[in-house]
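Shown next, in structure tokens, is the structure this report addresses.
Counting starts at 1 for both ligands and their atoms, following the listed order.
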Amino acid sequence: MATPSAVGAACLVLARAAGPGRGDRARPRRLQRVVRRRCVAELSREGPAPRPLPPALLAPRSCPASSRRRPSPRVSRRRRSHQCPTPAWGTSASNLKGHMHLVTVSPMVPSCALPFTGLQFQFWIAEGSIDDTVVVASEQDSEIVVGKEQARAKVTQSIVFVTGEASPYAKSGGLGDVCGSLPVALAARGHRVMVVMPRYLNGTSDKNYANAFYTEKHIRISCFGGEHEVTFFHEYRDSVDWVFVDHPSYHRPGNLYGDKFGAFGDNQFRYTLLCYAACEAPLVLELGGYIYGQNCMFVVNDWHASLVPVLLAAKYRPYGVYKDSRSILVIHNLAHQGVEPASTYPDLGLPPEWYGALEWVFPEWARRHALDKGEAVNFLKGAVVTADRIVTVSKGYSWEVTTAEGGQGLNELLSSRKSVLNGIVNGIDINDWNPATDKCIPCHYSVDDLSGKAKCKSALQKELGLPIRPEVPLIGFIGRLDYQKGIDLIQLIIPHLMRDDVQFVMLGSGDPELEDWMRSTESNFKDKFRGWVGFSVPVSHRITAGCDILLMPSRFEPCGLNQLYAMQYGTVPVVHATGGLRDTVENFNPFGENGEQGTGWAFAPLTTENMLWTLRTAISTYREHKSSWEGLMKRGMSKDFTWDHAAEQYEQIFQWAFIDRPYVM
Ligand SMILES: Nc1ncnc2c1ncn2[C@@H]1O[C@H](COP(=O)(O)OP(=O)(O)O[C@H]2O[C@H](CO)[C@@H](O)[C@H](O)[C@H]2O)[C@@H](O)[C@H]1O
Ligand SMILES: OC[C@H]1O[C@H](O[C@H]2[C@H](O)[C@@H](O)[C@@H](O[C@H]3[C@H](O)[C@@H](O)[C@@H](O)O[C@@H]3CO)O[C@@H]2CO)[C@H](O)[C@@H](O)[C@@H]1O
């Protein structure tokens with residue numbers, strides 16, 4: 001193992017500092033500091049005797065005191081994921097031996113902490129020359145370009161996220177991505193953050209919870225005609241307290257919300273338990289030695305968490321508890337509202353006088369028979385009424401939900417709450433979704449060197465059993481097979497598109513009829529179409545990297561993440577101009593004021609003719625205008641989709657929420 005005495009004695013090498021890393025993609029904006037200093041990264045000892053270090057690269061033993069900083073939370077995230085047994089920077093030498101390597105350098109030696117956060121370098125490690133020390137320097141003038149310092153919140157809060165899913169523990173779609181990464185981004189900015197979600201055990205993904213430990217806390221919840229005991233598990237990771245609510249109803253085969261027979265019949269019960277448990281967690285769990293207490297910002301996501309603001313208002317504030325807390329409803333998708341018959345209201349354990357908050361009457365046309373009064377309870381509606389503020393996951397969607405077309409029956413109510421309704425476009429997790437470091441893809445690449453993308457394409461064609469043809473445009477679709485995603489429109493254009501010289505791959509699961517259609521289309525067009533039925537995160541990364549075009553003809557799309565991932569990976573999105581898709585994809589304009597502009601194609605209205613025409617325009621641009629295509633790819637890859645900007649906007653909403661009085665009846 002490396003020891004301080006060995007520092008500087010070893011060989012090595014180096015290469016170009018600031019290889020493609022967290023900040024490198026968007027270098028002009030994100031890599032801001034140039035440190036004229038060489039530094040030492042210690043590595044585990046391995047390999048033969050060291051060779052002398054070239055004089056130009058001799059490293060100082062430590063960095064000047066002026067540069068010492070406490071590692072920021074983002075650094076500590078890296079530190080954990082590359083934990084070394086002795087104080088060291090970086091990763092283990094055995095991973096490095098050989099060629100160019102991407103290494104995350106995390107200041108683990110307090111005396112030599114640089115003012116940067118979790119940055120990454122590429123090293124050239126000569127064969128057999130690994131030892132104790134890697135000197136990091138650049139080709140030019142020994143400069144190290146380092147990432148910008150982690151921005152901190154002006155005012156920090158105790159934040160409690162409540163959600164039905166969060167990656168990497170459990171994910172069925174974009175909700176999981178957001179609740180797995182926004183909390184980490186907020187923690188990195190200095191907030192104390194807890195995420196409360198179910199501890200789903202189904203026999204296959206149980207390992208995801210392996211590092212979560214039983215807290216020995218259990219509470220009894222009165223609802224659904226009895227007392228139900230739930231317990232809490234906890235993992236502290238990436239500076240976030242991940243709290244898992246444990247109950248037998250979360251342990252069953254299938255996916256998070258259902259199985260092959262459809263949605264679980266007791267989902268209302270399962271997420272009622274989650275909401276009660278989430279309200280108790282800040283009061284009863286001593287995490288890191290301290291409870292979160294009563295002064296919290298609850299961020300409740302979608303219908304699964306929507307009972308939280310109702311409970312705060314109906315069951316806590318009247319007794320003087322949580323008077324200083326606030327709640328924000330984040331709407332990821334209005335299509336799911338948690339609607340059940342009105343007769344279930346007494347099961348929820350709420351006072352009878354609160355029925356009105358959840359009351360929901362279906363329009364006449366939606367009722368089943370003449371005697372059906374259409375009376376229901378609607379969890380999401382309860383939160384729209386009682387949350388202190390409401391956020392949708394894009395600005396465009398925040399307007400759409402107030403319209404009859406996009407409001408899914410809640411438009412009037414949402415319009416009445418316009419003064420507390422905002423839209424914030426989601427960010428993406430650059431640690432997971434970065435073509436320069438992605439562990440799921442066969443070759444890495446960046447905006448500075450796109451060559452790896454072509455290799456990803458041929459590897460994908462090979463993996464899928466498609467003809468390996470670099471010149472043929474490869475179009476992809478990834479998503480839940482749901483009405484929302486406009487797959488029926490893809491079905492209609494496929495016979496036409498398959499006449500062209502193109503390849504098409506779809507990854508998705510959901511509606512069994514659409515799954516069957518994917519299988520049969522694959523057998524009809526063996527050389528051109530692949531339908532990957534199922535849910536696979538690694539395959540989704542490889543499709544994102546290997547395709548030229550990503551198609552998203554969503555009927556509505558509150559934000560959409562796949563188009564953001566696609567742009568990040570130089571895959572050009574062709575999307576229906578709706579919601580977050582319209583907000584994030586800039587239409588290609590070959591005649592822009594300063595030359596070509598745009599990052600993809602956003603078409604409207606959503607018709608099959610329009611979609612086919614736009615796809616064909618994209619395809620001919622790909623074939624005939626190579627430099628335009630490269631411009632499209634590079635502009636997309638240079639966009640900053642990190643969470644920082646969104647996290648700052650959430651902080652603004654938190655502040656506004658705390659300025660106003662909390663909701664009381
Ligand atoms: N078969 C499969 N295999 C592997 N991965 C798969 C997959 N099917 C889907 N995914 C993944 O699930 C995520 C889907 O995210 P989206 O945001 O595009 O849509 P979703 O409708 O689920 O999310 C909702 O919530 C998010 C978050 O707010 C909003 O962006 C969105 O508009 C809203 O509808 C992506 O990470 C995608 O790769
Ligand atoms: O992250 C992906 C989406 O996950 C959530 O949607 C799920 C929804 O909340 C669940 O209730 C369930 O939806 C079922 C619905 O309740 C039922 O009436 C029937 O229509 O079948 C639906 C599918 O089983 O599953 C949804 C995921 O498929 C989240 O609320 C969304 O925002 C996310 O887009």
Work out whether the distance between some heavy atom of [X] and some atom of ligand 1 is less than 4.0 Å.
X	value
Tyr565	yes
Gln484	yes
Ser536	yes
Gly534	yes

Counting from 1, what ligand 1 atoms have a heavy atom of [X] closer than 4.0 Å?
X	result
Leu175	25 (O), 27 (C)
Glu557	31 (C), 32 (O), 33 (C), 34 (O)
Val393	28 (O)
Gly508	1 (N)
His332	24 (C), 25 (O), 27 (C), 28 (O), 33 (C), 34 (O)
Gly479	8 (N), 9 (C)
Asn333	34 (O)
Asp177	13 (C), 35 (C), 36 (O)

Legend entry - Cationic tip of Arg252 above Phe264 ring, under 6.0 Å, 45° of axis: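 Judged by the rule (NZ or CZ under 6.0 Å from the ring centre, within 45° of its axis), Arg252 counts as positioned above Phe264.
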Inset, instruction - Report yes or no: is the cationic atom of Arg555 (NZ for Lys, CZ for Arg) under 6.0 Å from the centre of the six-membered ring of Tyr483, at an angle within 45° of the ring normal? - result: yes
Legend entry - All side chain to side chain contact (heavy atoms under 4.5 Å, CB included) counterparts of Glu513, not counting sequence neighbours: Asp511
Which side-chain N or O atoms in residues 545-552 pair as donor and acceptor under 3.5 Å with protein atoms at least two apart or in another chain?
residue, atom, partner, partner atom, Å
Asp548, OD2, Lys457, NZ, 2.7
Asp548, OD2, Leu474, N, 2.9

Inset, instruction - Can you spot which of Phe161, Phe379, Tyr257 makes a ring pair (Phe, Tyr, Trp, His ring centres under 6.0 Å) with His304? - result: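 Only one option passes, and that is Tyr257.
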Inset, instruction - Among Tyr250, Trp242, Tyr200, find the residue that satisfies the ring pair (Phe, Tyr, Trp, His ring centres under 6.0 Å) test when tested with Tyr169. - result: Trp242
Legend entry - Glu557 and its salt bridge (Lys or Arg N to Asp or Glu O under 4.0 Å) partner, picked from Lys485, Arg582, Arg480: Lys485
Inset, instruction - To the nearest 0.5 angstrom, please state how far the CG atom of Leu273 sits from the CG atom of Asp246. - result: 11.0 Å
Legend entry - Listed partners of Gln408 passing side chain to side chain donor-acceptor pair (under 3.5 Å), at least two apart: none
Inset, instruction - Determine whether more than 12 heavy atoms belonging to other residues, nucleotides or ligands lie under 6.0 Å from atom CH2 of Trp399. - result: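 Result for CH2/Trp399: open.
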Legend entry - Flag if over 12 foreign heavy atoms under 6.0 Å of NE2, His645: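 For His645, atom NE2 is not crowded (no more than 12 foreign heavy atoms under 6.0 Å).
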Legend entry - Asn426 N/O under 3.5 Å from ligand 1 N/O: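 Looking only at distances, the answer is yes, because the N/O contact criterion of under 3.5 Å is met.
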Inset, instruction - Only heavy atoms count here, so choose which of Phe535, Phe556, Tyr397, Phe477 is nearest to atom 5 (N) of ligand 1. - result: Phe535
Legend entry - Contact residues of ligand 2 (heavy atom under 4.0 Å), by chain and number: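 Residues within 4.0 Å of ligand 2: Glu165, Ser172, Gly173, Gly174, Leu175, Tyr257, Asp302, Trp303, His304, His332, Asn333, His336, Arg480.
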